[in-house]
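Report on the following structure.
Basis for what follows: all heavy atoms, side chains included, without hydrogens, waters or symmetry-related copies. Being a predicted model, the structure only gives us computed values, none of them experimental.
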Amino acid sequence: MNGKHITKLGFTGADIGLALAAASVREDAGAARDDILNELRAVHASPAQHLTGVYATLAASLQARAEQDALHAHDALRAQPLPYRVWGAHLIDDGAFAQMNTAMRLPISRAGALMPDAHLGYGLPIGGVLATQHAVIPYGVGVDIGCSMRLSVYALPAASLDARSGTELLHRHTRFGAGVGWEKRDRLHHDVLDDPAWNAQPLLRHLFDKAVTQLGTSGSGNHFAEFGTFTLTHGGLDLPAGEYLAFLTHSGSRGFGAQVAGHFTRLAEHLHPHLDPAARKLAWLDTRQQEGQDYWTAMTLAGQYALANHEQIHARVARALGETPTLTVSNSHNLAWKQVVDGQELIVHRKGATPAAEGQLGLIPGSMADPAYLVRGRGVPDALHSASHGAGRQLGRKAAEKTIPRAEWKAYLAQRGVTLLGGGIDEAPQAYKRVQDVLAAQSDLVEVLGQFQPQIVRMDSGSEDI
DNA sequence: ATGTTC
């Protein structure tokens, strides 16, 4: 009996040695070679039947290998990405295409689309839309679960608020910065804090206190709170066409959502150890299993929390102004939705993409000094009822800091009369694609109803405090 | 995006 005999029976790797060892025990016991070979053949065919006795170790190893192979086969990527449509391909870098191609090779993917603001992200590109079946990808939603926009339009002339009063109001009634929350005496209650989902998982219970503290705050990065002039070009939205004072915010689910995202991304990666390294950050959770259902519960709560967060920011500002907004619009742009696609219910991930079903209102911001647009969706099926979530970066943060001259950044603001509170050069308008180009590339996806020109903008100050 | 990563 030698290795050649064993290999011929189909044993591989460490199983060859285990088979040889078992065979020699049988030989010592006086078994005939043909009988041993038949026994080995039987163990190879059905290891589950031989988990005790002389072949036990070999059978266990075979069984583990089979389970691993099954898992690997289940996770294998398609040879070619499924086809998907792209809007504004001339505005999109190669890295974003490569990430989308990988996403469309996932065995769970069914459809997808790339928006004109697309750029590199973790896993799915920012500006990526992906429909999957029975699966949700934490990094297909993104780190800032429920990141969203909200606009309040006041039936007041745009000039009702001067730069000085607006500045003071923003300083007093908005909070920026990583880890930042409201002092206990300044906190407001919101029904989202009474959601029973907070008690559905130890993780959510653990994050509740942080969520209470941070409700009504703006965070950091590209998040902002700004006053500006809103020009409504279409009537019929509770307001006649015209120019108005308005308040616009971009914020998300803060530390709560970030920790939910981190937890479930690690869990998904752990559950797919054999996933192709190129798709590692696209690891998914099965929505028919507990892990996927837990993520869905947590993600939904984070989405609600983010909207509540905006509501409080706007409520504080409205109270300080002593006014009530006449028109309010909001939309999430980092979330997954259950959506019927070609007659089948799928999970549609929008990671930096605005829902744009027929008639649905949305907000697409440009940059700290460029207009944000109020849009109405046209419900294009190939875009999975989506549009861009903004202008999209054309320079990464580090590249922006290195290449944009400070004077050009300040000149861009000055030319548009923008007062900036906080904010860094990594968020300079020059770091973003021109939002007008991005809108032009998706005119078939959304109709523009109005535009908002920022005037007093607050962002996180980073290191240089204000 | 987040206050600091299985």
Residues 79-89 of chain A vs side-chain hydrogen bond (donor to acceptor under 3.5 Å, both in side chains), sequence neighbours excluded, gives A/Y84-A/N101, A/W87-A/D444
Using whole Å, what does the distance between atom C1' of nucleotide B/dG3 and atom CZ of A/R175 come to? 18 Å
Closer than 4.0 Å, any side-chain N/O of A/S220 to the OP1 or OP2 of B/dT2? yes
Salt bridge (charged side-chain N to carboxylate O under 4.0 Å, His left out) partners of A/E345, counting only residues at least two apart: none
To the nearest Å, give me how far apart NE2 (A/H270) and P (B/dC6) are. 14 Å
Hits for ring pair (Phe, Tyr, Trp, His ring centres under 6.0 Å) against A/Y373, two or more places apart or cross-chain, chain-then-number order -> none
Please give, in whole Å, the distance from B/dA1 P to A/Y305 OH? 17 Å
Among the nucleotides B/dA1, B/dC6, B/dG3, whichever has the atom closest to the side chain of A/V143 is B/dA1
Would you please name every residue forming a side-chain contact (heavy atoms from CB on, under 4.5 Å) with A/A306, sequence neighbours left out? A/S148, A/S253
Could I get the full list of ring pair (Phe, Tyr, Trp, His ring centres under 6.0 Å) partners for A/Y305, not counting sequence neighbours? A/F256
Does any residue of residues 201-208 of chain A have a heavy atom under 4.0 Å from DNA chain B, and if so, which ones, in number order? none
Quick one: which of B/dG3, B/dA1, B/dC6 gets closest to the side chain of A/Y122? B/dA1
Does A/N222 place a side-chain N or O at less than 4.0 Å from the phosphate oxygens OP1/OP2 of B/dA1? yes
Who passes side-chain contact (heavy atoms from CB on, under 4.5 Å) against A/S443, sequence neighbours left out? none
Could you tell me whether A/R288 and A/D286 have a side-chain N and a carboxylate O separated by less than 4.0 Å? yes
A/D426 CG to B/dA1 P, in whole Å, measures 9 Å
Interatomic distance where CG belongs to A/L267 and C1' belongs to B/dT5 [whole Å]: 15 Å
Less than 3.5 Å apart, which donor and acceptor atoms pair up between the side chains of residues 257-266 of chain A and the rest of the protein, not counting sequence neighbours?
from, atom 1, to, atom 2, distance (Å)
A/T265, OG1, A/A261, O, 2.9

Under a 4.0 Å heavy-atom cut-off, which of residues 252-264 of chain A touch DNA chain B? A/R254, A/G255, A/A258
Sequence neighbours excluded - ring pair (Phe, Tyr, Trp, His ring centres under 6.0 Å) pairs with any residue from residues 202-227 of chain A: A/W198-A/F208, A/H223-A/H250, A/F224-A/H250, A/F227-A/F247
For A/F176 and B/dA1, what is the distance between atoms CZ and C1' respectively, to the nearest whole Å? 14 Å
Got more than 12 heavy atoms from elsewhere within 6.0 Å of CG, A/D94? no
What's the CG-P distance between A/L271 and B/dC6, to the nearest Å? 17 Å
Can you confirm whether A/R172 is buried at CZ, in the sense that more than 12 heavy atoms of other residues, nucleotides or ligands lie under 6.0 Å from that atom? no
By the side-chain hydrogen bond (donor to acceptor under 3.5 Å, both in side chains) test, which pairs, at least two apart or in different chains, include something from residues 112-141 of chain A? A/R110-A/Q133, A/D117-A/H389
Looking at residues 397-404 of chain A, who's got a heavy atom less than 4.0 Å off DNA chain B? A/R397
Expressed as a whole number of angstroms, how long is the span from A/D460:CG to B/dT2:P? 8 Å
With a 4.0 Å cutoff (strictly under), does any side-chain N or O of A/K210 reach OP1 or OP2 of B/dT2? no
